[in-house]
Amino acid sequence: MTLRTALARWYGVAVVGMRRTLARTTHTARQRVRFSVLGVAVAITLLLVVTGIGMGLTGGATVQDDDVDYWIVPEGDGASSPLISTDAPQFGSVHDTADTIRATEGVDSATPVLSQVLRVTAGNSSEYVLVVGVVNDGGIGQVSGVNVSALTHHDPYYGDGEYDGEWTGEVALSRSAGATLNAAAGDSLSISGNKSFTVTSVDSDGARTVGDIPTAVIQLSELQTLTGATTHDSADQFVVGTNDPGVREELEDVYPSSTVNSRSEMTASQAMDSDLSVALALTAFVVAISIGTLFVVTTMGLELVADRTQLATMSAIGLSGRTQLGIVGVQILATTAIGGVVGALGGLAGIRLTNVIAMRTLTSEPIAFSHPVFVLYGVAVAVLIGICSLPVLLLVTRRVTGGVPQ
């Protein structure tokens with residue numbers, strides 16, 4: 001058999017398989033085929049929703065805002081959460097370094113940032129909140145989605161490096177933190193057992209981090225004092241505001257073991273490096289393949305058993321066992337592909353619905369990422385489900401027809 005003849009033969013098999021799939025979907029076996037499509041669609045929908053949430057969570061890994069153009073972060077992964085930059089490698093002597101960065105030509109603002117999850121108490125409410133320490137230099141604007149303009153400039157408690165200056169006790173809360181703690185401007189707070197804090201502002205319309213994590217922003221030196229970071233004057237990262245791209249080269253020389261990232265680079269880096277997003281995506285992928293394959297094998301297996309009469313007719317008119325298996329294989333892949341398209345569209349809708357519900361009940365910003373390429377991803381996984389189902393279903397076909405491929 002020549003290659004041209006073989007291709008023509010298998011093209012015919014594919015056409016017959018597609019036409020049988022269409023006929024069975026719309027007329028002869030609508031319920032069974034639709035159950036197969038539904039099983040794949042549900043698996044793909046869940047896959048895309050979980051993947052979207054995982055990718056969305058990675059966007060909240062740094063204190064990023066529209067006013068900040070560069071982040072200086074320590075080299076190395078550390079043991080940090082992809083949501084909050086705590087317990088990672090830290091910089092030392094950050095107050096002096098921040099002064100050096102601000103003195104750099106082209107830099108508009110700069111602050112070291114220290115982040116810790118601490119228990120915050122307001123009245124009868126006591127919750128764990130992301131507490132962020134910053135130095136308000138008058139130009140930083142927002143950090144972690146919270147406007148820091150209500151904080152006194154230049155971190156008074158740091159003084160001359162002895163941590164013996166004026167203790168301000170100022171706290172700027174994010175909207176979600178204010179709601180969680182039921183706190184308003186002027187209320188007293190206790191942070192990690194220290195009762196000397198007072199709410200200076202509750203942000204109501206600023207930019208939000210992904211997931212809108214309850215956040216309290218205080219003076220850097222005061223957070224260092226609460227967490228024991230005064231020994232080396234430590235912080236997790238620097239955020240730098242500038243309109244001069246040439247500043248980047250000078251920022252790279254600030255610390256010998258550091259990385260300077262722009263806003264877009266930091267977001268892409270976190271999406272690639274986050275163990276959480278990878279774990280969520282991989283788990284969702286494995287679950288989708290497992291559930292989809294089991295569902296297709298079950299429903300399509302029942303259909304093949306019910307279709308034994310037509311298979312016998314094919315044998316009677318001279319179609320070989322190999323050709324019948326080819327037709328059945330095309331039907332299986334076509335069915336799962338249809339399920340993939342439906343599931344991909346359902347996944348995009350599910351991501352949108354997830355964001356709507358989250359924004360109305362938990363956050364002020366979408367928590368799940370969405371992109372049209374998800375459609376291709378969903379269809380590809382659905383076809384993979386069909387391929388995984390093929391060996392079992394072709395074995396069922398052989399037993400139903402009682403023949404061996406010729």
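These figures come from a predicted structure and were not determined experimentally.
Between Pro112 and Ala98, the shortest heavy-atom contact is CD-CB, 3.6 Å. Residues Thr293 and Ile385 come closest through the heavy atom pair N-CG2, 3.5 Å. Summarising the geometry of Phe374 relative to Ser370, their closest heavy-atom pair is CE2-CA, 4.3 Å, with the distance given to 0.1 Å. Nearest approach of Ala284 to Thr51, heavy atoms of both residues: CB-OG1, 4.4 Å. Heavy atoms only, all atoms of each residue included: Asp233 and Tyr163 are closest at OD1-OH, 3.1 Å. Considering every non-hydrogen atom in both Glu252 and Ser258, the closest pair reads O-OG, 4.3 Å.
Remark: Arg352 CZ is loosely packed, at most 12 non-hydrogen atoms of other residues, nucleotides or ligands lying under 6.0 Å away. Heavy atoms of other residues, nucleotides or ligands lying less than 6.0 angstrom from CG of Asn124 number 12 at most. Applying the 6.0 Å contact sphere to CG of Asp99 captures more than 12 heavy atoms from other residues, nucleotides or ligands. Enclosure of atom NE2 in His153 by more than 12 non-hydrogen atoms of other residues, nucleotides or ligands within 6.0 angstrom is indicated.
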Could you please spell out the steps behind the side-chain hydrogen bond (donor to acceptor under 3.5 Å, both in side chains) verdict for Gln219 and Thr152? CA-CA 8 Å; Gln219 300 285 355; Thr152 302; 4.6 Å; no

Could you please spell out the steps behind the side-chain hydrogen bond (donor to acceptor under 3.5 Å, both in side chains) verdict for Thr242 and Asp244? CA-CA 6 Å; Thr242 177; Asp244 184 1; 5.5 Å; no

side-chain contact (heavy atoms from CB on, under 4.5 Å) between Thr168 and Leu151, intermediate numbers included: CA-CA 9 Å; Thr168 68; Leu151 301 182; over 6 Å; no

Please report the C-alpha distance between Tyr70 and Ile101 in whole Å, then the side-chain angles of each, then the deciding distance to 0.1 Å, and finally whether the side-chain contact (heavy atoms from CB on, under 4.5 Å) criterion is met. CA-CA 12 Å; Tyr70 289 108; Ile101 295 174; over 6 Å; no

Any chance you could lay out the side-chain contact (heavy atoms from CB on, under 4.5 Å) test for Ser125 and Thr180, step after step, and finish with the verdict? CA-CA 8 Å; Ser125 299; Thr180 299; over 6 Å; no

Before giving the answer on side-chain contact (heavy atoms from CB on, under 4.5 Å), spell out for Val113 and Asp236 the whole-Å C-alpha distance, their side-chain angles and the decisive distance to 0.1 Å. CA-CA 6 Å; Val113 178; Asp236 301 316; 5.7 Å; no

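Using modelled atom types and a 3.5 Å distance limit, the side chains of Tyr255 and Thr97 yield a donor-acceptor pair. Gln142 and Asn147 share no side-chain donor-acceptor pair at under 3.5 Å.
We find the CG-CG distance between Leu189 and Leu181 to be 6.5 Å, quoted to the nearest 0.5 Å. A distance of 11.0 Å separates OG1 of Thr200 from CD1 of Ile218, quoted to the nearest 0.5 Å.
Side-chain atoms of His232 do not come within 3.5 Å of backbone N or O of Ser234 as any donor-acceptor pair. Without hydrogens or angle criteria, Ser126 side chain to Thr121 main chain gives no donor-acceptor distance under 3.5 Å.
Using a 30° and 60° split on the angle between ring planes, Trp167 and Tyr157 fall in the perpendicular class, above 60°.
Paired with Ile351 under the rule side-chain contact (heavy atoms from CB on, under 4.5 Å), one option of Asn355, Thr354, Leu353 passes, and it is Asn355.
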